[in-house]
Amino acid sequence: MSKDYSALKENFIQKIIDQDREDNKYGGRVHTRFPPEPNGYIHIGSAKAILINYGLALANDGKFNLRFDDTDPTKEEEEFVESIKEDIKWLGADWENRLFFASDYFEQMYQCAVQLIKKDKAFVCDLSQEEIREYRGTLTRPGQESPYRNRSIEENLDLFARMRAGEFPTGARVLRAKIDMSSPNMNMRDPVIFRIQQAPHFRTGDKWVIYPMYDYAHPLSDAFEGITHSLCSLEFEDNRPLYNWFLENLDFSEPPQQIEFARLNISHTVMSKRKLRRLVEGGYVDGWDDPRMPTICGLRRRGYTPEAIWDFCDRSGVAKTNSLISIAQLEHCIRQDLNWRAPRMMAVLKPLKVIIENYPEGKTEYLETEINPEQPELGHRSIPFSRELYIEQDDFREDPPKKFFRLAPGREIRLKGAYYIQCVDYKKDPNTGEITELRCTYDPETRGGWSRDGRKVKGTAHWVSAAQARPAEVRIYNHLFERENPEEEGDFLDHLNPNSLEILSDCLVEPALAESKPGDRFQFLRKGYFNRDPGSEKLVFNRIVSLRDTWARMQKKK
RNA sequence: UGGGGUGUGGCCAAGUGGUAAGGCAAAGGACUUUGGAUCCUUUAUCCCAGGUUCGAAUCCUGGCACCCCAGCCA
């Protein structure tokens with residue numbers, strides 16, 4: 001099943017596009033872009049932005065660009081452009097041959113700034129950073145005009161050229177737009193366009209010592225690329241008048257339009273790069289690709305599929321309301337995807353030895369069981385059965401509560417794909433009270449798990465044959481934060497879930513799993529979906545997500 | 001106390017004057033060689049208060065709540 005990336009749920013941006021096409025705006029063209037800053041790893045929130053931009057382009061016969069917004073040389077690195085490209089490719093968005101960098105436009109941006117100066121729309125300001133802040137005023141008080149605001153055009157041109165030539169140190173002067181210091185919109189109070197930064201850029205080297213600001217670089221980059229619909233998140237709403245101001249004053253004929261939508265927030269995790277960085281640098285997780293991280297590389301290592309991520313992003317909708325989507329929604333998407341695609345396997349996470357007393361010693365037989373009941377055409381696999389087995393500790397109770405359908409003294413259950421077994425005795429550690437071994441009998445008439453006399457059995461357990469089972473490590477991942485919204489109160493780190501990772505090192509898995517490859521995904525019967533950890537030599541499986549567990553839920557309620 | 005946004009069930013989200021889609025979660029039931037999957041069933045008058053209208057979540061007026069903005073970050 002391949003995902004149709006162009007089948008986006010209806011949303012308000014598509015409606016704007018519909019209207020634009022009806023009006024023949026942009027000649028009916030639709031051209032979007034994803035503009036990451038290469039200063040970190042992208043996360044599932046970015047994936048949603050990618051889905052919307054790419055999906056809207058596909059759905060409207062349009063084009064989609066990838067453009068790195070690399071206008072701050074002090075924060076950006078080549079390493080990040082590679083990882084971001086890799087993640088976007090993995091997600092399945094295709095920018096074809098349209099990979100761009102804002103830094104490719106530095107010269108054009110410079111020339112546009114010269115135009116603004118010539119139109120008396122920009123000036124070089126010598127105020128210090130602190131002074132600029134003071135002159136800017138406050139939210140409720142208008143700002144004051146810079147004393148340098150009325151320099152002559154000639155002087156501005158000269159100074160700006162010398163800024164570019166490197167005559168002044170970092171921070172000495174800036175180029176500012178000449179707009180309105182009393183605007184109620186802070187962004188319009190003569191914003192900075194270019195600043196001096198005597199620092200090498202990872203792509204342009206030391207060619208430039210002045211760098212454009214986002215507010216200036218973004219609309220121009222969009223315009224240069226012929227972007228029609230420039231989508232961004234809500235916090236840029238106040239920047240839109242400025243976005244438009246630059247395009248108007250530079251006389252672009254078909255200016256792109258900025259449209260804002262709410263960014264994605266998911267419960268029990270954090271999404272800002274700053275916070276993710278703190279998690280990594282503080283050692284709270286094992287790197288950017290820790291399977292608990294909401295980064296794309298983290299989700300990939302965890303075992304998430306691109307299809308499930310797309311599905312989730314699409315279901316969460318495109319709107320303007322700030323929202324916090326339940327992580328259960330994400331988990332639902334991956335369960336649904338993996339239910340039909342993941343082969344079934346048996347793995348005993350917390351083994352309890354079972355001896356089948358009436359089964360011949362030294363005998364091994366091979367039984368058949370389905371690879372995936374959702375896809376019967378895949379056929380069967382064979383699994384070894386013998387006198388000595390392991391089942392899950394949880395599947396036996398010395399003193400079973402009501403509605404417990406599993407093994408208990410005297411009870412009979414089915415071993416999946418094998419036989420009915422009945423517990424006739426058990427051994428217990430006298431000191432700890434721990435059950436150490438079960439003695440059972442099997443009914444040879446129930447081979448395959450069917451009884452001839454039609455007697456029913458309530459429970460079916462997964463199991464593994466002792467001699468052929470392979471040892472493995474299983475890592476159980478849980479929500480990274482205990483709180484639904486970790487940023488709601490105090491420091492988000494205070495709400496970390498101490499049990500977000502539980503390592504089970506004595507697991508026993510069916511032998512076929514030894515042949516699995518890193519990254520392979522399986523359903524471990526009755527336990528959940530797991531993927532072979534790509535970063536480990538040994539047999540290590542990450543739990544992607546548990547199965548829905550109504551028994552556990554019933555227990556919890558009590 | 002300035003400006004920009006947003007308010008529909010526990011969480012998302014359609015709806016744009018004609019009598020509240022859908023998904024997730026939750027609950028009940030059926031079925032089941034995964035207590036999985038599947039299948040039924042159940043759950044809101046739309047932030048509040050007025051007003052217009054035969055009729056309003058949708059229009060008007062006035063409130064209230066929450067989010068964003070004072071980087072030479074994006």
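Proteins get letters first, then strands, A, B, ... in listed order; numbering begins at 1 in each. The model shown is predicted, which means the values in this text are computed figures rather than measured ones.
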Looking only at the aromatic ring of each residue, does the gap between the centers of Tyr529(A) and Phe522(A) stay below 6.0 angstrom?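 Judged by ring-centre distance (under 6.0 Å), Phe522(A) and Tyr529(A) do not meet the cut-off.
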
Is the centre of the Phe404(A) ring less than 6.0 Å from the centre of the Trp551(A) ring?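 Ring centres of Trp551(A) and Phe404(A) closer than 6.0 Å.
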
Mind checking who [N] pairs with, Watson-Crick or G-U wobble, both distances under 3.5 Å?
N	value
rA26(B)	rU42(B)
rA65(B)	rU6(B)
rC31(B)	none
rC72(B)	none

Inter- and intrachain pairs under ring-ring contact (aromatic ring centres under 6.0 Å, His included), touching residues 166-192 of chain A, at least two apart: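 Those involving residues 166-192 of chain A do not exist here.
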
Heavy-atom contacts under 4.0 Å between residues 42-51 of chain A and RNA chain B, which residues?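 Of all residues in residues 42-51 of chain A, none places a heavy atom under 4.0 Å from RNA chain B.
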
Determine the Euclidean distance between corresponding [atom1] atoms of [M] and [N]; express it in Å to zero decimal places.
N	M	atom1	answer
rA57(B)	rC47(B)	P	10 Å
rC48(B)	rC11(B)	P	15 Å
rG28(B)	rU43(B)	C1'	12 Å
rA14(B)	rG23(B)	P	15 Å
rC59(B)	rU16(B)	C1'	11 Å
rA13(B)	rA21(B)	C1'	9 Å
rA49(B)	rA56(B)	P	15 Å
rC54(B)	rA25(B)	P	46 Å

Touch check for [X], heavy atoms < 4.0 angstrom, all strands: base, sugar-phosphate only, or nothing?
X	answer
Glu37(A)	sugar-phosphate
Met346(A)	nothing
Glu260(A)	nothing
Val545(A)	nothing
Arg141(A)	nothing
Pro373(A)	base
Thr170(A)	nothing
Leu127(A)	base
Thr138(A)	base
Arg414(A)	base
Ile325(A)	sugar-phosphate
Glu235(A)	sugar-phosphate
Phe236(A)	base
Lys320(A)	sugar-phosphate

Cationic N near anionic O, under 4.0 Å, Arg341(A) to Glu307(A):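 The answer is yes: the pair qualifies as a salt bridge.
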
Residues Glu260(A), Lys320(A): salt bridge by 4.0 Å N-O rule: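 Salt bridge: yes.
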
Could you check whether any side-chain N or O of [X] sits under 3.5 Å from a backbone N or O of [Y], counting only pairs where one atom can act as donor and the other as acceptor?
X	Y	result
Ser323(A)	Ile325(A)	no
Tyr243(A)	Ser230(A)	no
Gln19(A)	Lys15(A)	no

Residue whose closest nucleotide on RNA chain B lies nearer the 5' end, Arg335(A) versus Asn322(A):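 Upstream on the strand: Arg335(A).
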
Pick the nucleotide of RNA chain B nearest each of Val174(A) and Gly448(A); which residue has the one closer to the 5' end?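 Nearer the 5' end of the strand: Gly448(A).
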
Report, as yes or no, whether the 6.0 Å neighbourhood of atom CZ on Arg203(A) holds more than 12 heavy atoms from other residues, nucleotides or ligands.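 Above 12, so yes.
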
Need the glycosidic conformation of rG71(B): syn if within 90° of 0, anti if not. Which one?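 Syn, angle within 90° of zero.
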
Going by the rule salt bridge (Lys or Arg N to Asp or Glu O under 4.0 Å), which residues pair with Arg335(A) if we only count those two or more places apart in sequence or in a different chain?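 If we apply the salt bridge (Lys or Arg N to Asp or Glu O under 4.0 Å) test to Arg335(A), skipping adjacent residues, there are no hits.
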
Would you please name every residue forming a ring-ring contact (aromatic ring centres under 6.0 Å, His included) with Tyr105(A), sequence neighbours left out?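 With neighbours one apart ignored, the set is Phe224(A).
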
Going 5' to 3' along RNA chain B, which are the first and last nucleotides with any atom under 4.0 Å from a heavy atom of chain A?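 Range of nucleotides within reach of chain A: rU1(B) to rA74(B).
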
Per the salt bridge (charged side-chain N to carboxylate O under 4.0 Å, His left out) rule, what does the pair list look like for residues 176-185 of chain A, sequence neighbours excluded?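 Found Asp120(A)-Lys178(A).
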
